[in-house]
Amino acid sequence: MRSNDARTLLHAALPTACAGVLAAVISGVVVGGKGVVGALVATVIVILFMGIGLVVLQRTARSLPHLFQAMGLMLYTAQILLLFVFVAAFKNTTLFNPKAFAITLVATTLVWIAAQTRAHMKAKLLYVEPESSKSDKPENKGSSS
């Protein structure tokens, strides 16, 4: 993973984790222990899904740049659908509070998207690869045949 990719991942995951901890504290105060568990599970799911998606998208951009936009749209659609599947699958669970889980899932997803957008906007990425200094040297101008 290149340093820009790792930096983007860190700049998106850290605010998401902080939002998840905040959601866990609020859920703990409002709902109790099951709210804390629901918020933490939702935070881990979002960081895993979005982190894996970012890594896959960056690899696609490097190896198949012509598929980057289509892959991005498909990836985000699949992520949102999988998050809906998780909400539906755990809506009647007794392991944790489903409302705290669902609210935290949505909130941390929005924080991830905002943080990733900010990280991409602040990244100083070159649009054009600069030519190397070797190509500026003249080629055998002094040689005679």
Side-chain angles (χ1 to χ4, degrees), residues 1-140:
M1 178 178 275
R2 295 186 318 197
S3 64
N4 286 336
D5 300 342
R7 190 175 306 121
T8 299
L9 184 62
L10 178 67
H11 284 218
L14 192 60
T16 304
C18 291
V21 168
L22 180 64
V25 169
I26 293 170
S27 297
V29 169
V30 173
V31 181
K34 289 193 175 198
V36 172
V37 174
L40 291 177
V41 168
T43 303
V44 168
I45 287 171
V46 168
I47 290 173
L48 283 176
F49 275 23
M50 297 299 194
I52 290 169
L54 182 63
V55 170
V56 168
L57 198 57
Q58 293 301 334
R59 286 189 179 185
T60 301
R62 262 193 312 267
S63 61
L64 303 167
H66 59 284
L67 293 178
F68 179 70
Q69 185 176 13
M71 182 69 168
L73 291 172
M74 191 232 22
L75 183 68
Y76 287 127
T77 303
Q79 286 174 332
I80 297 299
L81 288 175
L82 283 172
L83 292 176
F84 280 132
V85 166
F86 268 88
V87 170
F90 291 111
K91 74 178 180 182
N92 294 323
T93 187
T94 58
L95 297 172
F96 48 79
N97 186 286
K99 280 190 178 180
F101 173 76
I103 291 170
T104 304
L105 198 69
V106 170
T108 52
T109 300
L110 293 174
V111 168
W112 179 282
I113 291 169
Q116 184 179 354
T117 302
R118 183 176 187 274
H120 278 296
M121 290 176 70
K122 293 188 78 69
K124 295 182 178 6
L125 301 174
L126 298 174
Y127 292 100
V128 177
E129 292 290 329
E131 292 185 32
S132 66
S133 61
K134 291 180 182 178
S135 63
D136 294 339
K137 293 181 181 178
E139 294 182 23
N140 298 331

Could you tell me which non-hydrogen atom of [X] sits nearest to which non-hydrogen atom of [Y], and how far apart they are?
X    : Y   : answer
A39  : S27 : CB-OG, 4.0 Å
G53  : Q79 : CA-NE2, 3.4 Å
V111 : A19 : CG2-CB, 3.9 Å
T93  : P98 : O-CG, 4.1 Å
A115 : P15 : CB-CG, 3.9 Å

* Could you please spell out the steps behind the side chain to side chain contact (heavy atoms under 4.5 Å, CB included) verdict for M71 and L57? => CA-CA 7 Å; M71 182 69 168; L57 198 57; 4.0 Å; yes
Between [atom1] on residue [X] and [atom2] on residue [Y], distance to nearest 0.5 Å:
X    : Y    : atom1 : atom2 : answer
T108 : L22  : OG1   : CG    : 11.5 Å
Q58  : L54  : CD    : CG    : 5.0 Å
I47  : I52  : CD1   : CD1   : 11.5 Å
T117 : W112 : OG1   : CH2   : 11.5 Å
K122 : T8   : NZ    : OG1   : 12.5 Å

* To do: In sequence, state the C-alpha distance, the side-chain angles, and the governing distance for V37 and F101, and then conclude on side chain to side chain contact (heavy atoms under 4.5 Å, CB included).
  => CA-CA 8 Å; V37 174; F101 173 76; over 6 Å; no
* **Any residue meeting ring pair (Phe, Tyr, Trp, His ring centres under 6.0 Å) with F49, in chain and number order, not counting sequence neighbours** => F86
* To do: Mark yes or no for whether K34, through its side chain, and T94, through its backbone, hold a donor-acceptor pair below 3.5 Å.
  => yes
* **T109 side chain near M50 side chain, heavy-atom distance below 4.5 Å** => yes
* Between L40 and T104, is any pair of side-chain heavy atoms under 4.5 Å apart? -> no
* **Intermediate values then yes/no, side chain to side chain contact (heavy atoms under 4.5 Å, CB included), I45 and L83** => CA-CA 8 Å; I45 287 171; L83 292 176; 4.0 Å; yes
